[in-house]
Each structure stands twice: as C-alpha cells, then as structure tokens.
Engineer: 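I'd like to ask some things about the structure below.
Here the structure is a predicted model, which means the values were calculated and not measured.
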Amino acid sequence: MNIAVNEKNGSKVAVISSDGLIISNVGDALDLLADVHYNHGCDKMLVKKENIVEDFFQLSTGLAGEILQKYTNYQMAIAIVGEFSGYNSKSLNDFIYECNQGNKVAFRSTEAEALEALHNSR
C-alpha cells in the first residue's frame, strides 16, 4: 500500500493506492484512518473501489454503514473512486446519491473528481 498526500490551498488529501484489498473489515478501515490521520496529517482520504471488499457495496451486510459511521465520528472525509453503475441495487444507488449530497462521503468515477470534492469539503 502507498499513501501519497495531495495538497491544494491548505487542504490535504491522502491518496491511497494498492494492488490488493486494503479494507476487508471495520478493523482495516480504522487502521487506515489512524495511519492517514497520525502518520500523514490528513483528515480526508481517497480510496479506489477495487481496494475495498465487495461486501461493502452490499448494504445488507451493514459493513458500509458501520465503516462510514466510524469515519464520520472521527471526522475523516472519504471519497471512493470507481464505476458504480454496474450495481443493480436501488438501495445502493440511493445510498450513493445521498452520500454525494453531503461533504463527508463521496462516490466519484475519477480520481480528479474525487480530489475536487474532497478539497472543497469542510
């Protein structure tokens, strides 16, 4: 796993990259949050969809809700980058839509869109 910090106008975003899964469970998500916050000084992060276990995108597992609630509680903004149109779940599509209306969780199709959303979030 590699963590690069993208800075723009005083905003710092940790850009996470890896060839494999980074987040498989809540513990992994909290470890990543701690690493990004304490070792890189960021309260915003960008993660690619393929680095997150597929169960995250099946809302019935509760994994997405649990992880994103913890990130919100610890004031860590996150953008997940990937292609989400292949999901035929109305509940997931509604969830993504609602997340994109706020400023703490974003689902974007490109890294550039995700960085812009994060840098413009509070």
Side-chain angles (χ1 to χ4, degrees):
M1 176 176 69
N2 182 49
I3 300 176
V5 177
N6 181 287
E7 293 189 57
K8 180 180 177 184
N9 298 328
S11 170
K12 292 170 51 172
V13 175
V15 179
I16 318 300
S17 60
S18 176
D19 291 333
L21 284 179
I22 297 170
I23 299 174
S24 297
N25 53 51
V26 176
D28 292 344
L30 289 173
D31 288 346
L32 180 60
L33 181 149
D35 187 7
V36 163
H37 181 74
Y38 294 110
N39 296 328
H40 300 279
C42 297
D43 61 1
K44 303 172 186 180
M45 75 169 76
L46 181 154
V47 179
K48 294 185 175 117
K49 175 185 169 283
E50 58 266 19
N51 298 135
I52 302 173
V53 68
E54 192 60 29
D55 281 354
F56 181 92
F57 301 98
Q58 296 172 12
L59 295 184
S60 62
T61 67
L63 187 59
E66 193 173 354
I67 289 172
L68 296 178
Q69 184 62 54
K70 291 200 182 300
Y71 274 41
T72 299
N73 290 347
Y74 288 106
Q75 300 181 350
M76 177 65 70
I78 183 171
I80 300 170
V81 176
E83 180 54 51
F84 306 101
S85 63
Y87 292 104
N88 294 321
S89 166
K90 180 178 177 356
S91 59
L92 178 62
N93 290 329
D94 290 347
F95 179 75
I96 289 171
Y97 175 81
E98 289 299 323
C99 286
N100 285 337
Q101 301 310 301
N103 62 2
K104 289 295 180 191
V105 179
F107 292 83
R108 298 292 193 263
S109 55
T110 69
E111 191 171 305
E113 290 171 349
L115 284 170
E116 183 174 334
L118 287 169
H119 282 308
N120 291 326
S121 71
R122 293 176 236 131

Engineer: Please identify each residue that fulfils side-chain contact (heavy atoms from CB on, under 4.5 Å) with L59, with sequence neighbours left out.
Structural biologist: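 Scan of L59 (side-chain contact (heavy atoms from CB on, under 4.5 Å), adjacent residues dropped) gives A64, S91, L92, F95.
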Engineer: For F107, check ring-ring contact (aromatic ring centres under 6.0 Å, His included) against everything at least two apart and list the hits.
Structural biologist: F84
Engineer: What residues, two or more places apart in sequence or in another chain, satisfy ring-ring contact (aromatic ring centres under 6.0 Å, His included) together with Y87?
Structural biologist: F57
Engineer: Distance from N103 atom CG to Q101 atom CD, nearest 0.5 Å?
Structural biologist: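 Between atom CG of N103 and atom CD of Q101 there are 11.5 Å.
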Engineer: For E111, what residues pass the salt bridge (Lys or Arg N to Asp or Glu O under 4.0 Å) criterion, not counting sequence neighbours?
Structural biologist: K48
Engineer: Please check this pair: side chain of N51 against backbone of S18, looking for a donor-acceptor N/O pair closer than 3.5 Å.
Structural biologist: yes
Engineer: Roughly how far, to the nearest 0.5 Å, is CE of M45 from CE of M76?
Structural biologist: 4.0 Å
Engineer: Start with the C-alpha distance between L33 and K70, add both sets of side-chain angles, then the distance that settles side chain to side chain contact (heavy atoms under 4.5 Å, CB included), and finish with yes or no.
Structural biologist: CA-CA 9 Å; L33 181 149; K70 291 200 182 300; 5.9 Å; no
Engineer: I'd like to know if the side chain of Y74 reaches the main chain of A34, judged simply by a donor and an acceptor atom lying under 3.5 Å from each other, with no hydrogens or angles considered.
Structural biologist: no
Engineer: Which ILVMFWY residues are connected to V5, directly or by a chain of links, through side-chain heavy atoms under 4.5 Å apart?
Structural biologist: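 Noted: V5 shares its cluster with no other residue.
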Engineer: If you link ILVMFWY side chains whenever their heavy atoms are less than 4.5 Å apart, which other residues fall into the same cluster as V15? By chain and number, please.
Structural biologist: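 V15 shares its hydrophobic cluster with V13, L46, V81, L115, L118.
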Engineer: Between N2 (side chain only) and I16 (backbone N and O only), is there a donor and an acceptor less than 3.5 Å apart?
Structural biologist: no
Engineer: Listed by chain and number, what are the side chain to side chain donor-acceptor pair (under 3.5 Å) partners of S11, not counting sequence neighbours?
Structural biologist: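 Once residues adjacent in sequence are excluded, the partners of S11 under the side chain to side chain donor-acceptor pair (under 3.5 Å) criterion are K44, H119.
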Engineer: Kindly write out the residues that satisfy side chain to side chain donor-acceptor pair (under 3.5 Å) with N100, not counting sequence neighbours, or none if the list is empty.
Structural biologist: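 N100 satisfies side chain to side chain donor-acceptor pair (under 3.5 Å) with R108 once adjacent residues are dropped.
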Engineer: Hey, could you give me the CG/CD1 distance between N25 and I67, rounded to the nearest 0.5 Å?
Structural biologist: 7.5 Å
Engineer: Which residue pairs pass the salt bridge (charged side-chain N to carboxylate O under 4.0 Å, His left out) test when at least one of the two sits in residues 5-33, sequence neighbours left out?
Structural biologist: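 Every candidate salt bridge (charged side-chain N to carboxylate O under 4.0 Å, His left out) pair involving residues 5-33 fails, so no pair, neighbours aside, qualifies.
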Engineer: From the options I80, L32, L63, select the one residue that forms a side-chain contact (heavy atoms from CB on, under 4.5 Å) with I23.
Structural biologist: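 Exactly one option meets the side-chain contact (heavy atoms from CB on, under 4.5 Å) with I23, and it is L32.
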Engineer: For E50 and L21, which heavy atoms make the closest approach, and how far apart are they?
Structural biologist: O-CD2, 3.8 Å
Engineer: Quick one: side chain to side chain donor-acceptor pair (under 3.5 Å) partners of N73, sequence neighbours excluded?
Structural biologist: Q69
Engineer: Which residue pairs satisfy the salt bridge (charged side-chain N to carboxylate O under 4.0 Å, His left out) criterion with at least one member in residues 73-98, sequence neighbours excluded?
Structural biologist: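 Output for this query lists K90-D94.
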Engineer: Check the surroundings of atom CD in Q75: do more than 12 heavy atoms from other residues, nucleotides or ligands lie under 6.0 Å from it?
Structural biologist: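 Atom CD in Q75 is not crowded, with 12 or fewer foreign heavy atoms closer than 6.0 Å.
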Engineer: For S109, which residues count as a side chain to side chain donor-acceptor pair (under 3.5 Å) partner, sequence neighbours excluded?
Structural biologist: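 Counting only residues at least two positions away or on another chain, S109 forms a side chain to side chain donor-acceptor pair (under 3.5 Å) with E113.
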Engineer: Counting only heavy atoms not in Q58, do more than 12 sit closer than 6.0 Å to its CD atom?
Structural biologist: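 Counting other residues, nucleotides and ligands, CD of Q58 exceeds 12 neighbours.
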Engineer: Specify the closest pair of heavy atoms between C42 and A14, including all atoms of both residues, with the distance to one decimal.
Structural biologist: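 Looks like SG-N, 3.7 Å.
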Engineer: From I78 CD1 over to C99 SG, what is the distance, rounded to the nearest 0.5 angstrom?
Structural biologist: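 Taking CD1 in I78 and SG in C99, the distance rounds to 10.0 Å.
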